[in-house]
Amino acid sequence: MYHSTYSRSFRVTGLIILFFFLSKPIFAHAGIVDIEKMNAKDAAILYVQLGYKHILPLGLDHILFVLSLFLLNPRLKSILWQATTFTVAHTITLGLSMYQILPTATNWVEPLIALSIIYVALENIFSTKLKPYRIGIIFLFGLIHGMGFAGALGNIGLPPNAYMVSLLMFNLGVELGQITVILIAWFLLAKWFGNKIYYRKLIVIPLSVLISLIASYWLFERISF
C-alpha cells in the first residue's frame, strides 16, 4: 500500500517538474543582466530554475551524495526521510549564509562536501542496513552542503527587490533537482532491482565503490589548491 502510494506521488511530482521546465525558458547565468531591477515574479521564475540547474546538470557532487543516500535502502519511505532531513539542514545554512550570519565562501566547505560523499558511499559498502544514527549524519552533512549552495548563489547574487523570494525559489529549485535525481534512481534501479537478492552485491557495492573513488579524487583535488 505504502509503495503504491509513494509510487503515484513520485510519478505526479515527476510530471510537475517536467511540465514546469518544458513550459518555461531556462535562463543561463549569462542571461542575468540586471538583477537589481527584477520584479518578484521574474525573480521567482529565474531563481527556481537556477537552483534546479545547480543540481541538474551542474551539481555532480550533490547528485552523487543524493544517489548514495538512495542506494543502501531504496524504499521510497526511507529515501524521503533522508532527503527531507538533508533539505531541512541545507535550507538552514543556505539562509544563514545569504543573510551573512554565516560566511558564504570558505576553503573547507568543498573538501567537506567531497568527504561527506565518501562517508556515505563507504557506509553503503560496509553496512547492510540503514542505521538510526544516519539521519543525524545526513543532517550534519546537509548543513555543509547548504554552505556550498550559498557559495554558488553568492556568486550569482540576489535581486534586492525580491531577496527573500529569490532565496526561497533557489532553494525550491535545488529541492526539485534532488527529487528528480531520486525519481530517476528509483525508476532505473529500485523499481526493477530493489527487491532482487543480487541488488546489494551487483548494484549497491559497485556503484558505491565508484562514487567513493570519484569523491576521493575531488577531495584530493580540493585540498591541493
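Residues: numbered from 1 along the sequence shown. Everything quoted here is computed from the prediction, not taken from an experiment. What you see below is based on every heavy atom in this structure, not just the backbone, and it leaves out hydrogens, waters and symmetry mates.
Note that the CZ atom of F139 and the CD1 atom of I92 stand 4.0 Å from one another [nearest 0.5 Å]. Taken to the nearest 0.5 Å, the CZ atom of F86 stands 11.5 Å off from the CG atom of L140. For the atom pair OG1 (T85) and CG (L80), the distance works out to 10.5 Å, reported to the nearest 0.5 Å. Note: S166 OG to N161 CG = 9.5 Å, rounded to the nearest 0.5 Å. Rounded to the nearest 0.5 Å, atoms OG (S78) and CD1 (I135) are 7.5 Å apart. Taking CD1 from I79 and CG from L183, the interatomic distance works out to 11.0 Å, rounded to the nearest 0.5 Å.
Residues R134 and W81 fail the side-chain proximity criterion, which asks for heavy atoms closer than 4.5 Å. Side chains of I117 and W218 form a contact here, defined as non-hydrogen atoms less than 4.5 Å apart. A heavy-atom distance below 4.5 Å is found between the side chains of M147 and P103. Between Q82 and L130 there is a side-chain heavy-atom pair separated by less than 4.5 Å. Counting heavy atoms from C-beta outward, L189 and L207 have side chains that approach closer than 4.5 Å. Using a 4.5 Å heavy-atom threshold, the side chains of I55 and T180 count as separate. Contact annotation: the side chain of F149 never approaches that of S97 to less than 4.5 Å [non-hydrogen atoms, C-beta and beyond].
For the side chain to side chain donor-acceptor pair (under 3.5 Å) test, residues two or more places apart in sequence or in another chain that qualify with H62 are H145. For Y163, the side-chain contact (heavy atoms from CB on, under 4.5 Å) partners at least two apart in sequence or on another chain are M98, Y99, L158. Listed by chain and residue number, Y119, Y133, F141 satisfy the side-chain contact (heavy atoms from CB on, under 4.5 Å) test with I137 (two or more places apart in sequence, or in another chain).
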Residues 63-76, side-chain donor-acceptor partners within the protein, below 3.5 Å, at least two apart:
unit_1	atom_1	unit_2	atom_2	d
S68	OG	L64	O	2.8
N73	OD1	R75	N	3.2
N73	OD1	R75	NE	3.3

Tell me which donor-acceptor pairs under 3.5 Å the side chains of residues 167-178 have, and how far apart each pair is, sequence neighbours excluded?
unit_1	atom_1	unit_2	atom_2	d
N171	OD1	H90	ND1	3.3
N171	ND2	T91	OG1	2.9
E175	OE1	T87	OG1	2.4
E175	OE1	Q178	NE2	2.9
E175	OE2	T87	OG1	3.4
Q178	OE1	H90	NE2	3.4
Q178	NE2	T87	OG1	3.4

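When all heavy atoms of I118 and S212 are compared, the closest pair comes out as CG1-O, 4.0 Å. In plain terms, the two heavy atoms of I211 and A121 that are nearest each other are CG2-CB, 4.1 Å. In plain terms, the two heavy atoms of Y47 and G157 that are nearest each other are OH-O, 2.6 Å. Closest approach of S208 and I125 over heavy atoms only: CB-CG1, 3.6 Å. Across every non-hydrogen atom of A83 and I182, the tightest pair is CB-CD1, 3.7 Å. V165 and A40 make their closest contact through CG1-O, 3.9 Å (heavy atoms, listed as atom of the first residue, atom of the second, distance).
Among residue pairs with one or both ends in residues 61-71, those qualifying as salt bridge (charged side-chain N to carboxylate O under 4.0 Å, His left out) are D61-R222; sequence neighbours excluded.
Surrounding CD1 of I197 are at most 12 heavy atoms belonging to other residues, nucleotides or ligands under 6.0 Å away.
A donor-acceptor distance shorter than 3.5 angstrom exists from the side chain of W192 to the backbone of F187, with no hydrogens or angles considered.
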